[in-house]
There are 2 protein chains.
Amino acid sequence: MPLKADLDAIDWKILRELQNDGRMTNVELSSRVGISAPPCLRRVRRLEETGIIRGYRALLNAPALGMDVVAFCLIGLHHQADAELKTFAERTRGWPIVRDAWMVSGESDFLLHCVASDLGTFQTFVIEELASAPNVDTVRTALTIRRVKDEGLVAFPA
Amino acid sequence: MPLKADLDAIDWKILRELQNDGRMTNVELSSRVGISAPPCLRRVRRLEETGIIRGYRALLNAPALGMDVVAFCLIGLHHQADAELKTFAERTRGWPIVRDAWMVSGESDFLLHCVASDLGTFQTFVIEELASAPNVDTVRTALTIRRVKDEGLVAFPA
DNA sequence: TCCCCGCGCGCAAGAATCTTTCGTGATTTC
DNA sequence: GAAATCACGAAAGATTCTTGCGCGCGGGGA
């Protein structure tokens, strides 16, 4: 996984297209970026192998699946030594409600992206699991009202 | 887009597999979920048409693309009337640094997921764009140190 | 200057996949 | 109990994937 990759304009186009539609066929992709299918596939493979493309994911509609609560939790710990940070990070991986988690700097130590079927489930999780976990000092929650923007992960050069 | 869908065990398996690998071929998918390819494809199409699958996306490695700063911003507004919320939401869509944005309830009004090439770019954005935007009261930022968990959006029944 | 080499593109062909059509069996409905 | 509905799976044609190979461009080195 190189820290700095040398990508040309076609590579950037490929990344933009696949970020918008990860299931696009290779012929469609090659047509959009302006080269033929074989070199296009080779470029995609190379982007995958170098780790620039980390994977592909279907985006699901949480409310339609009965997941009505999406929230973010900001966690402050009592002690921030390396071992304690790793312990808490490991703990987040065992909580199915937590979908994504980040270690952050600032007023909090962790930010958790949570999805639950209903408010009761989420509140129970916050009180009985999160807030009562070892070393947890503060828990601030922000329930999402609606998604306002939903681009891919990375912006692209003009 | 039905608010509550009736999915059987096979549909759930499909969603789980595509959430893990959105580019899996249909024959591979059908084999994993235990049915033949045609009905499997019909199920995927139905999940897409009903909006349960919102789309597909390649996950990119931001640092490898020269995006070294990933941060979250919590925004508090002075006034939270519907028009003002919509105005700010619209503004977030015009900022390329903001990749995802949520309207939230709690201590803040919006949560912004930001990606920038370097700290200077991000700080300039926060000071000159975000904090100086109309109606913005408070801006709290949390720089991410590392991703700790990265599952799909939705958890699945056992 | 010329030659050689490496790199990436594109053509072509075989393999794999996608997609539609159709027949069958199970469940539901009247 | 009969008919209708639904979803599955087999089969076949269309599309796509994937590999191998030849070509042209650009960068050293003699």
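Per chain, numbering begins at 1; letters A, B, ... match sequence-line order.
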* **Pair listing, ring-ring contact (aromatic ring centres under 6.0 Å, His included) test, anchored in residues 7-47 of chain B, at least two apart** => B:W12-B:F156
* Contacts of type side-chain contact (heavy atoms from CB on, under 4.5 Å), residue A:P134, not counting sequence neighbours -> A:R91
* How many Å lie between CG on B:L29 and C1' on C:dA16, as a whole number? -> 16 Å
* Asked: Under 3.5 Å, is there a donor-acceptor pair linking the side chains of B:Q80 and B:D109?
  -> yes
* Asked: Does B:N26 reach the main-chain N or O of B:A37 with its side chain, forming a donor-acceptor pair under 3.5 Å?
  -> yes
* Asked: What are the residues of residues 20-28 of chain A, sorted by number, that bring a heavy atom to within less than 4.0 Å of DNA chain C?
  -> none
* Minimum side-chain heavy-atom gap A:H113-B:W102 below 4.5 Å -> yes
* To do: Would you please name every residue forming a side-chain contact (heavy atoms from CB on, under 4.5 Å) with A:D8, sequence neighbours left out?
  => A:I10, A:D11, A:R43
* Asked: Got a sec, which hydrophobics cluster with B:V27, joining ILVMFWY side chains under 4.5 Å apart, including via others?
  -> none
* Structure fact -> Axis-to-axis angle for the helix from C:dT1-D:dA30 to C:dC30-D:dG1, ends of five pairs each, to 10°, equals 30°
* **Residues clustered with A:I75, ILVMFWY side-chain links under 4.5 angstrom** => A:V69, A:L77, A:L85, A:F88, A:W95, A:I97, A:V98, A:M103, A:F110, A:L112, A:L119, A:F122, A:F125, A:V126, A:L130, A:V136, A:V139, A:L143, B:I145, B:V148
* SB check B:E48 B:R45 (cutoff 4.0 Å) -> yes
* Summary of salt bridge (Lys or Arg N to Asp or Glu O under 4.0 Å) pairs that have at least one residue in residues 126-139 of chain B, sequence neighbours excluded -> none
* Do any pairs count as a salt bridge (Lys or Arg N to Asp or Glu O under 4.0 Å) and have a residue in residues 24-40 of chain B, sequence neighbours left out, and if so which ones? -> B:E17-B:R32, B:E28-B:R32
* Between the main-chain N or O of A:G152 and the side-chain N or O of B:R99, is there a donor-acceptor pair closer than 3.5 Å? -> yes
* Structure fact -> Bounded by its outermost nucleotides with an atom under 4.0 Å from a heavy atom of chain B, the footprint on DNA chain D reads D:dC8 to D:dA11
* A:E90 bridged to A:R93 by N-O distance under 4.0 Å -> yes
At a cut-off of 3.5 Å, list every protein nitrogen or oxygen paired with a nitrogen or oxygen from nucleotides 9-13 of chain C, distance to 0.1 Å.
from   : atom 1 : to    : atom 2 : distance (Å)
C:dC9  : OP1    : A:R43 : NE     : 2.9
C:dC9  : OP1    : A:R43 : NH2    : 2.4
C:dG10 : OP2    : A:S36 : N      : 2.8
C:dG10 : OP2    : A:S36 : OG     : 3.2
C:dG10 : O6     : A:R42 : NH2    : 3.3

Please produce a list of atom pairs where a protein N or O lies less than 3.5 Å from an N or O of nucleotides 25-29 of chain C.
none

* Structure fact -> Output for pair (B:L41 CG, B:T25 OG1), nearest 0.5 Å, gives 11.0 Å
* To do: Mark yes or no for whether A:R23, through its side chain, and B:M24, through its backbone, hold a donor-acceptor pair below 3.5 Å.
  => yes
* Asked: Between C:dG8 atom C1' and A:L41 atom CG, what is the distance in whole Å?
  -> 14 Å
